[in-house]
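Keep in mind that what you see is a predicted model, and the values were worked out from it rather than measured.
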Amino acid sequence: EVIIVTVISAPGSYTPGFAYHTIYDYIYGSNVGDLTNDNDFPTRPNREVMLKGFTNTSQGENYGSTVRTWLIAPITGAYRFWISANNSADLYLSNDGMPANMTNICGLDSSSDKNQWDKYTTQKSVTYSLTAGQVCYVEARHKQSYGKDHLSVAWEIRDTLDTQTLVPREVIPGRYLSPHYMNYTPRAYARNVDLYRNSYSGYRVTTPFATDPNSIDSLTWSITAGNG
């Protein structure tokens with residue numbers, strides 16, 4: 001028996017193997033719109049968590065989240081996608097790889113159990129014809145209120161004639177995902193301080209503090225106004 005293995009190089013500058021789960025804390029409500037209508041969305045998340053597959057680890061309650069990722073099709077075929085979540089989620093796809101062209105392909109407005117793919121008919125997408133090595137943009141938007149939080153996305157791949165299953169339904173493995181990076185806005189935390197009359201030049205008034213979900217960024221501070 002001869003087994004033929006076809007190796008497809010990762011296109012361009014993509015780094016397959018993981019994706020980022022981007023968390024927006026302290027957002028209340030159970031609908032995805034509660035996330036997307038919040039002033040912090042999309043550029044001011046609180047933190048990011050690395051995912052090794054298209055499924056999250058528990059992040060608590062009362063938050064919204066996204067997973068923005070490039071998806072690299074491993075084989076040519078007909079692809080169908082599913083999403084499960086608590087409390088609600090939407091899945092977007094741009095099969096030309098342009099985030100601006102993404103469309104909503106499936107979702108759910110109420111909770112499912114983790115990896116419960118067929119509770120609602122809206123959890124399943126139509127099929128999309130993808131070619132081996134094709135890069136798509138995928139974005140999941142998720143809103144968690146109360147209860148056991150989770151978010152997962154699965155696929156099934158069938159042959160182009162839709163006569164046989166090539167890859168049974170499974171959570172999308174990280175080896176076919178490559179993170180889509182966004183330059184987020186750092187969060188600088190303001191504070192009021194007392195400056196005493198007898199303070200001298202070089203006196204430490206306070207230490208500024210900020211967080212940045214972009215872990216490779218460095219922050220630079222400067223005094224932009226004052227009377228001395």
Side-chain angles (χ1 to χ4, degrees), residues 14 16 18-24 27 29-38 41-42 45 48-57 59 63-74 77-130 134-145 147-158 167-182:
Y14 301 102
F18 65 100
Y20 281 118
H21 189 205
T22 306
I23 313 297
Y24 302 78
I27 297 178
S30 58
N31 300 315
V32 173
D34 296 313
L35 166 66
T36 57
N37 292 328
D38 191 87
F41 184 85
E48 287 192 318
V49 179
M50 182 183 290
L51 302 179
K52 294 184 178 181
F54 215 134
T55 185
N56 77 321
T57 55
Q59 297 300 321
Y63 71 87
S65 72
T66 61
V67 178
R68 302 182 180 95
T69 182
W70 306 110
L71 183 148
I72 303 171
Y79 288 67
R80 190 186 298 274
F81 300 90
W82 287 262
I83 190 167
S84 73
N86 181 41
N87 293 88
S88 62
D90 288 322
L91 185 65
Y92 293 81
L93 171 71
S94 171
N95 55 11
D96 65 3
M98 300 292 291
N101 295 332
M102 69 180 188
T103 58
N104 185 200
I105 62 170
C106 58
L108 64 166
D109 294 327
S110 299
S111 300
S112 71
D113 291 334
K114 186 176 178 66
N115 297 349
Q116 182 184 15
W117 309 114
D118 300 312
K119 184 175 182 180
Y120 309 105
T121 58
T122 57
Q123 289 178 253
K124 179 175 68 174
S125 77
V126 300
T127 57
Y128 295 88
S129 296
L130 303 179
Q134 181 176 343
V135 178
C136 303
Y137 175 75
V138 177
E139 180 172 326
R141 297 177 176 179
H142 166 230
K143 185 66 190 68
Q144 163 67 15
S145 178
K148 190 173 182 180
D149 63 314
H150 62 87
L151 169 68
S152 300
V153 174
W155 65 9
E156 179 189 76
I157 310 173
R158 294 177 60 82
V167 177
R169 185 169 63 189
E170 63 175 358
V171 172
I172 302 176
R175 61 183 175 273
Y176 304 120
L177 306 176
S178 178
H180 176 269
Y181 295 100
M182 287 186 66

Next item on the list: For E139, check salt bridge (charged side-chain N to carboxylate O under 4.0 Å, His left out) against everything at least two apart and list the hits.
Entry: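 Applying salt bridge (charged side-chain N to carboxylate O under 4.0 Å, His left out) to E139 gives R68, R141.
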Notebook entry, point to check: R158: what forms a salt bridge (charged side-chain N to carboxylate O under 4.0 Å, His left out) with it, not counting sequence neighbours?
Noted result: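 Residues passing salt bridge (charged side-chain N to carboxylate O under 4.0 Å, His left out) with R158: D162.
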Closest heavy-atom contact between [X] and [Y]?
X	Y	result
Y20	P179	CD1-CB, 3.8 Å
L151	S65	CD2-OG, 4.4 Å
Q144	N86	OE1-O, 2.5 Å
D90	N104	CB-ND2, 3.9 Å
I23	P45	O-CB, 3.4 Å
Y120	S111	OH-O, 3.2 Å

In Å and rounded to the nearest 0.5 Å, what is the [atom1] to [atom2] distance from [X] to [Y]?
X	Y	atom1	atom2	result
T22	M182	OG1	CE	8.5 Å
S145	I27	OG	CD1	12.0 Å
D113	S152	CG	OG	11.5 Å
E156	E170	CD	CD	10.0 Å
T127	I105	OG1	CD1	11.0 Å
S125	W82	OG	CH2	7.0 Å

Notebook entry, point to check: Is it the case that more than 12 heavy atoms not belonging to D38 sit under 6.0 Å from its CG atom?
Noted result: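 Enclosed: over 12 neighbouring heavy atoms sit under 6.0 Å from CG of D38.
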Notebook entry, point to check: Around K119, counting heavy atoms of other residues, nucleotides and ligands shown, do more than 12 lie under 6.0 Å from its NZ?
Noted result: yes
Next item on the list: Measure the shortest side-chain to side-chain distance between N56 and V67 over non-hydrogen atoms and say whether it is less than 4.5 angstrom.
Entry: no
Notebook entry, point to check: Is there a side-chain contact between L71 and I172, using heavy atoms and a 4.5 Å cut-off?
Noted result: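 Answer yes - side chains close enough.
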Next item on the list: Check the pair Y24 / T66 against side chain to side chain contact (heavy atoms under 4.5 Å, CB included), numbers first and verdict last.
Entry: CA-CA 9 Å; Y24 302 78; T66 61; 4.2 Å; yes
Using only atom types and a distance under 3.5 Å, with no angle test, would you say the side chain of [X] pairs donor to acceptor with the backbone of [Y]?
X	Y	result
K124	R80	no
S84	K114	no
H150	S112	yes
T69	S178	yes

Which donor-acceptor pairs under 3.5 Å do the side chains of residues 91-99 make with protein atoms, sequence neighbours left out?
unit_1	atom_1	unit_2	atom_2	d
S94	OG	D96	OD1	2.5
S94	OG	M98	N	3.2
S94	OG	M98	O	2.7
D96	OD1	M98	N	2.9
D96	OD2	N101	ND2	2.8

Checklist line | Centroid-centroid under 6.0 Å between W155 and F54 rings | finding: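 Aromatic pair excluded; centres sit 6.0 Å or further apart.
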Margin query: Check for me whether the distance between the ring centres of Y63 and H142 falls short of 6.0 Å.
Written below: yes
Next item on the list: With side chain to side chain donor-acceptor pair (under 3.5 Å) as the test, would you mind laying out the steps for Q123 and T121 before giving the verdict?
Entry: CA-CA 5 Å; Q123 289 178 253; T121 58; over 6 Å; no
Check: Taking the six-membered ring for Trp, are Y14 and W70 parallel (under 30°), tilted (30 to 60°) or perpendicular (over 60°)?
Finding: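 Correct class here is perpendicular.
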